[in-house]
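Reviewing the structure listed below.
Here the structure is a predicted model, which means the values were calculated and not measured. In what follows, chains are A, B, ... by sequence order, proteins preceding strands, each numbered from 1.
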Number of protein chains: 2
Amino acid sequence: MSPRPNVSDERKAQILNAAEQVFNKKGFDLARMDDIADKTGLSKGTLYLYFKSKDDLIIAILERIFQGVFRQLERREGDELSATEAVSQFTEAAIRDYKRMLHIIPVAYEFLALAFRNKTVQKALKQYFRHYMDVLVPMIQRGIDSGEFRQVDPQEVAIAAGAIYEGTVLLWVYDSTLIDMERHIRSSIRLLLEGIQVPA
Amino acid sequence: MSPRPNVSDERKAQILNAAEQVFNKKGFDLARMDDIADKTGLSKGTLYLYFKSKDDLIIAILERIFQGVFRQLERREGDELSATEAVSQFTEAAIRDYKRMLHIIPVAYEFLALAFRNKTVQKALKQYFRHYMDVLVPMIQRGIDSGEFRQVDPQEVAIAAGAIYEGTVLLWVYDSTLIDMERHIRSSIRLLLEGIQVPA
DNA sequence: ATACTATAACTGACCGGTCAGTCATGTATT
DNA sequence: AATACATGACTGACCGGTCAGTTATAGTAT
């Protein structure tokens, strides 16, 4: 048996949590390994027992975030609902996601800037977006087939919806006093849906 | 008379152009003052004759960008058009703006991340967004008053449109092969407008 | 024309602070 | 004793910013 219990997983999570907070507060570059060490209550040397570099730490954080988002996206449901209701439920799930992720938004935008310079990041974003489209496009297509929606291009509608989700978060960053993320995502999607519904 | 002609304005522009390129390519922190100096063909010392720090340089770049956008926003026209046409023209202007700004998008996202940590940046963004709303909300209100649009909340519609503009750019960053910025901004705004128009 | 002067424009070696990453040493557990 | 875990002082590369010195040019004097 080991002379000491294996604490590797706890330590890693503990370090990632601290690092996430520090990165959010200061940004990648201004975040010091010493800051993260202080936050965990461990020493800097110990960080390097569990992560071999600062980059390694960042990558691990981003992976953890994307894993969460993918899990959420993959939970498809509501095939028995009307297309409007299905999109609305999807929207509610998206809102829950965004609210859960509010605290890592600063890192997320730094990550976006990085996308222009890093192939791996580009791939992750592309994959995330395709996932999203794979869920939403068929949902809209079903609405068209059932006569609930007009003859629109389902991909264009899905892109409009995606733009509304992501864009509302951005507007909220611009001015959080004027934008209520939850309310405005909901109202914008409602306007979009009303535009494609076949009048009763 | 001066022993040498004043080249201050040309130099500043020259340095800002070079800095913009380098910041876009490497990001703010990885960009070296020496890189910028090399790009201009001037020496590092000369940069400091015109800008007192690296921060000063990035601030000047962002100011230049915002000035351009404000100039665009303030050019109101089209009071004699239908509201739909006015919004469409505004959209075309926005598309032109975005296309013109494509090359500084990486810096823009770094700037957004900064918004969470910097009051000045927060103020600039807020101002930008208010400007935008000040133009678009009355445009939509006019459509409602004239009976062209349904009784919707004009602010909600303006926010939806703003989210579409900004969000489409973001989706394009995610996957530039799937998103045609110009086409998808246009189609999404069209869907939105169709949703608020009073049926003929 | 030529030489001289004043000064704006420019240069680049250098300084000093910073910080990611290392490692010799120590401690707790079995 | 053996092993896993932990420490924090230390190192050295790096880079923003400085400044003593150099160069170019417009005007002036001869």
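Evaluation of the ring-ring contact (aromatic ring centres under 6.0 Å, His included) test over residues 31-54 of chain A, restricted to residues two or more places apart or in two chains, returns none. For residues 138-161 of chain B, the set of pairs meeting the ring-ring contact (aromatic ring centres under 6.0 Å, His included) definition, not counting sequence neighbours, is empty. For residues 8-40 of chain A, the set of pairs meeting the ring-ring contact (aromatic ring centres under 6.0 Å, His included) definition, not counting sequence neighbours, comprises A/Phe23-A/Phe28.
Separating the CG atom of A/Asp55 from the P atom of C/dC19 is a distance of 16 Å, rounded to the nearest angstrom. Distance CZ (A/Arg11) to P (C/dA28): 14 Å, rounded to an integer number of Å. Rounded to a whole Å, the CG atom of B/Leu57 is 11 Å from the P atom of D/dG16. Atom pair A/Asp38:CG and D/dT7:P shows a separation of 11 Å (rounding to whole Å applied). Between A/Tyr48 atom OH and C/dA24 atom C1' there is a gap of 18 Å when expressed in whole angstrom units. Between B/Lys12 atom NZ and C/dA9 atom C1' there is a gap of 14 Å when expressed in whole angstrom units. When the P atom of C/dT22 is taken as reference, atom CG of A/Asp56 falls 12 Å away, rounded to whole Å.
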Can you give me the N/O atom pairs linking the protein to nucleotides 11-14 of chain C at distances under 3.5 Å, or say none if there are none?
| from | atom 1 | to | atom 2 | distance (Å) |
| --- | --- | --- | --- | --- |
| C/dT11 | OP2 | B/Ser43 | N | 2.6 |
| C/dT11 | OP2 | B/Ser43 | OG | 3.1 |
| C/dT11 | OP2 | B/Thr46 | OG1 | 3.0 |
| C/dT11 | O5' | B/Ser43 | OG | 3.4 |

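With A/Tyr174 as the fixed residue, the ring pair (Phe, Tyr, Trp, His ring centres under 6.0 Å) test singles out one of B/Phe111, B/Tyr132, B/Phe116, B/Tyr128: B/Tyr128.
Applying a 4.0 Å cut-off to non-hydrogen atoms, the residues of residues 22-36 of chain B that approach DNA chain D are B/Ala31, B/Arg32, B/Met33, listed by residue number.
A donor-acceptor contact shorter than 3.5 Å links the side chain of A/Asp35 to the backbone of A/Arg32.
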* To do: Decide yes or no on side chain to side chain contact (heavy atoms under 4.5 Å, CB included) for A/Ser82 and A/Glu148, but give the supporting numbers first.
  => CA-CA 8 Å; A/Ser82 75; A/Glu148 190 180 342; 3.5 Å; yes
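Side-chain atoms of A/Glu156 and B/Ser188 form no donor-acceptor pair, as typed in the model, at a separation below 3.5 Å. There is no side-chain donor-acceptor pair under 3.5 Å between B/Thr91 and B/Ser88. Side-chain N/O atoms of B/Gln14 and B/Arg11 include a donor and acceptor closer than 3.5 Å.
B/Tyr50 comes within 4.0 angstrom of sugar-phosphate atoms only, judged by non-hydrogen atoms across all strands, and of no base.
The residues B/Glu194 and B/Arg190 are annotated as salt-bridged, a charged nitrogen and a carboxylate oxygen being separated by less than 4.0 angstrom. With respect to the salt-bridge test (charged N to carboxylate O, under 4.0 angstrom), the residues A/Glu182 and A/Arg186 qualify.
Summary for the helix from C/dA1-D/dT30 to C/dT30-D/dA1: the axes at its two ends, each from 5 pairs, differ by 10° when rounded to the nearest 10 degrees.
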